[in-house]
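Reminder, nothing fancy here: chain letters follow the sequence lines and each chain counts from 1.
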Amino acid sequence: MVMLDQEVLARAALLTQIAVAREMPRLEPVGCSIDDRGFRCDFKLKSGGWPSEDDALKVERAVLRIEEGNLKIVYEGLSDDELLQLLEHNAVYMVNGFRAYLEPSAKPSDKKVGAVKILNISAHNPTPEIRLVRFSGVAFSTQKELEEYLNWLEEAERRDHRVLGQKLDLFSFHEEVGPGLVIYHPKGQVIREELMKLIREVNERLGYSEVYTPHVFRSTLWKISGHYTLYRDKMVLANIEGEEYGIKPMNCPGHILIYKSKTRSYRDLPIKFSEFGTVYRWEKRGELYGLLRVRGFTQDDGHAFLREDQVKNEIKAILREILYVLSIFGFREEDVKIYLSTRPDEYIGTEEMWAKATDALKTAIEELGMPYQVREGEGAFYGPKIDVHFRDSLGRWWQCSTIQVDFALPERFGLEYVENDGSRKRPVMIHRAILGSVERFMAIIIEEFEGKLPTWISPVQVVVIPVRHDSVDYAYHVFEVLKNHGFRVNLDLSEETTSKKIRRAYGEGVPYIVLIGPKEANEETVTVRGRGNKQVKSVPLSEFIKALEKEVRRRSPSQVALDLIKKTEA
RNA sequence: GCCGCCGUAGCUCAGCGGGUAGAGCGCCGGCCUUGUAAGCCGGUGGUCGCGGGUUCAAAUCCCGCCGGCGGCUCCA
């Protein structure tokens, strides 16, 4: 992530607005916002056509021209214009006689804008009736900084999981299948399986028993759960022989039925079920985005049925495991955000229950020493929640992990357990997902590692390459031994030069290349190349296997096998 | 769903002021006694997203649909 100077952005945003107003009088500035990704200035289109890319270039030049002349920026105060209120950007400035806007918290710099780039012109519809033209861009004090930023953008494109997913042969989308529906290729499926293996271990520790439920339920169930009314617009419903069924958008109702299948005692609680449940949500067309936003996805879902006094411990245990999973992928703090969302205006349950649940969530985060932000009133109507967000290569945030406390569904389904005095009590439910969705998480880690995944999760871990024809037999032997040790290994016997085979293996993101020649065959050794041209020659095969086993068992985020061998050459 | 942009070989792209398609990589074949990030030669490969219209003639112009991208709204 390239850091952008917020004050330079604010100044550039003002200049962009007056440049647009001057160059294209049909556009009237109405608001502007700024964040770590740049500025976004909104305009009302009074007449005429949509601005073009050439217009964007004109605006960029005009900004710099205005900057060269005498510039007077005067703060005028806050506007009470209704539209501006809606946009929440209502500080008014007069810039050389033109009105321009900024969000009240932004402070324009005194430093001059040396470079500005309009990245795109798009629509902004704060409400369905209001349609605005939005100029998004970045600005810097110097041209050099802009060039650095553009280089970073190019690099971000190379990290794009949609590009890498194709290049690395992981998954594909097809017009005939439908938008937002992923087809996983063998290598992509390996990544899914490894992620699920990891989460199965976590579930084991947390005491969640894996279950399996169907993909389609009678609408009767969705009416009880409330999805039929509250979630219907995203559901796929089908009428079959006069009866209506719905494809599941969530796994909870199925798990609730397991809970309900017999009378539960206070002694049985907590009861916890997990499922890699593939759900379908008919997101609107324009909302789909690679693997990060799809219509069919697999949640590493889990539901705990608890006594009230068990809620806090469960939250803590889950949160601890979430942090563990984050650490495995080496996520940096700046790429992760934890939110605590509290009671909204409309809610069910008692205030006491909410206080307890919110307190439990809060204590859990604080006791684990994680920085977090509170989002007042952003909780679900049925309970407060913790969400963990991750950043993609372009700096956009996506929600992954989630822990939600739920008072509503136990009530709707009439869930009970028998208390020690024989009375009937209502359990509390926790919905949780560690990865969130397997596909979204996969996309995040592909971008995080630029496709060069840690060895334990790499679809192909080792490629064995004989460097001469006379070494094929030993290469085959090495291949077999590695395979028998459980590694995902390929043997490259193609009639190609060694250089080309190495290049190809690197291009496929393979962490280790094992080179075999007569020298290695004679000594029963291997020559190992890691990423970044690190190489160790003539390692006894057994030693390499030991080092590799360690790296994989630890789920090391970086390559350590060569260091473990301790003979690394430059 | 809304606004804008885009859709040519398996992939990346050229051609688009109308005259029935090109390159590189890949793939296939051949050559090379193949030691560390592209060896050489040859070949294969496209109802130019789909449908309609304008025209003597459409990849190229117009309309509709499908799909993708950038945003908005929404979410794991």
Discussion item. For A:Gln166 and A:Gly507, find the nucleotide of RNA chain B closest to each by heavy atoms; which residue's nucleotide sits nearer the 5' end?
Written reply: A:Gln166
Worksheet item: Could you walk me through whether A:Glu194 and A:Lys197 pass the salt bridge (charged side-chain N to carboxylate O under 4.0 Å, His left out) check?
Response: CA-CA 5 Å; A:Glu194 284 295 339; A:Lys197 238 188 263 175; 3.1 Å; yes
Discussion item. Measuring from the side chain of A:Lys284 (C-beta onward, heavy atoms only), which nucleotide among B:G1, B:G35, B:U36 has the closest atom?
Written reply: B:G1
Worksheet entry | Nearest-angstrom distance from the residue atom CG of A:Leu292 to C1' of B:C75 | 12 Å
Worksheet entry | A:Arg504 side-chain N/O to B:G26 phosphate OP1/OP2 under 4.0 Å | no
Worksheet entry | Atom-pair distance (CZ on A:Arg285; C1' on B:G70), nearest Å | 14 Å
Discussion item. Please give me the minimum heavy-atom distance between A:Cys32 and A:Gln17, naming the atom from each residue.
Written reply: CB-NE2, 3.4 Å
Discussion item. Any N or O donor-acceptor pair under 3.5 Å from the base of B:G35 to the side chain of A:Glu520?
Written reply: yes
Fill in: Below 4.0 Å: OP1/OP2 of B:G68 and any side-chain N or O of A:Tyr289
no
Discussion item. Whether the side chain of A:Arg293 and the base of B:C74 hold a donor-acceptor pair under 3.5 Å is what I'd like checked.
Written reply: yes
Worksheet, complete the sentence: Out of B:C74, B:G70, B:G35, minimum distance to the side chain of A:Pro518 belongs to B:G35
Discussion item. Just the rounded figure in Å: distance from P of B:A37 to CG of A:Asp492.
Written reply: 15 Å
Worksheet item: Got a salt bridge between A:Asp392 and A:Arg159, using NZ or NE/NH1/NH2 to carboxylate O under 4.0 Å?
Response: no
Item to complete: Please report, rounded to the nearest Å, how far the P atom of B:G10 is from the NE2 atom of A:His185.
Response: 14 Å
Fill in: Mate of B:C72 where both pairing distances stay under 3.5 Å, Watson-Crick or G-U
B:G1
Worksheet item: For B:C50, which nucleotide in any strand shown is its Watson-Crick or wobble partner with both distances under 3.5 Å?
Response: B:G64
Discussion item. Nearest whole Å is fine: how far is B:A76 P from A:Glu439 CD?
Written reply: 14 Å
Response to the item:
A:Trp397 atom CH2 is separated from B:A76 atom P, nearest whole Å, by 17 Å
Practice prompt. Quickly work out the A:Met250 CE to B:C75 C1' distance and round it to whole Å.
Written response: 10 Å
Practice prompt. Ignoring backbone atoms, test whether A:Arg162 places a side-chain nitrogen or oxygen under 4.0 Å from the OP1 or OP2 oxygen of B:G70.
Written response: yes
Discussion item. Looking at B:A37 and A:Tyr506: do their rings stack (centroid distance under 5.5 Å, interplanar angle under 30°)?
Written reply: yes
Worksheet entry | Proximal nucleotide (of B:U36, B:G39, B:G35) relative to the A:Lys519 side chain | B:G35
Practice prompt. Using heavy atoms to find the nearest nucleotide of RNA chain B for A:Leu515 and A:Gly436 separately, return the residue whose nucleotide is more 5′.
Written response: A:Leu515
Discussion item. Side chain of A:Glu175, heavy atoms from C-beta onward: which of B:A76, B:U12, B:G67 has the nearest atom to it?
Written reply: B:G67
Worksheet item: So which heavy atom on A:Ile315 is nearest to which on A:Ala357, and how close?
Response: CD1-O, 4.5 Å
Practice prompt. Answer yes or no for A:Arg432 and A:Tyr208: cation-pi contact, defined as NZ/CZ to six-membered ring centre under 6.0 Å and angle to ring axis within 45°.
Written response: yes
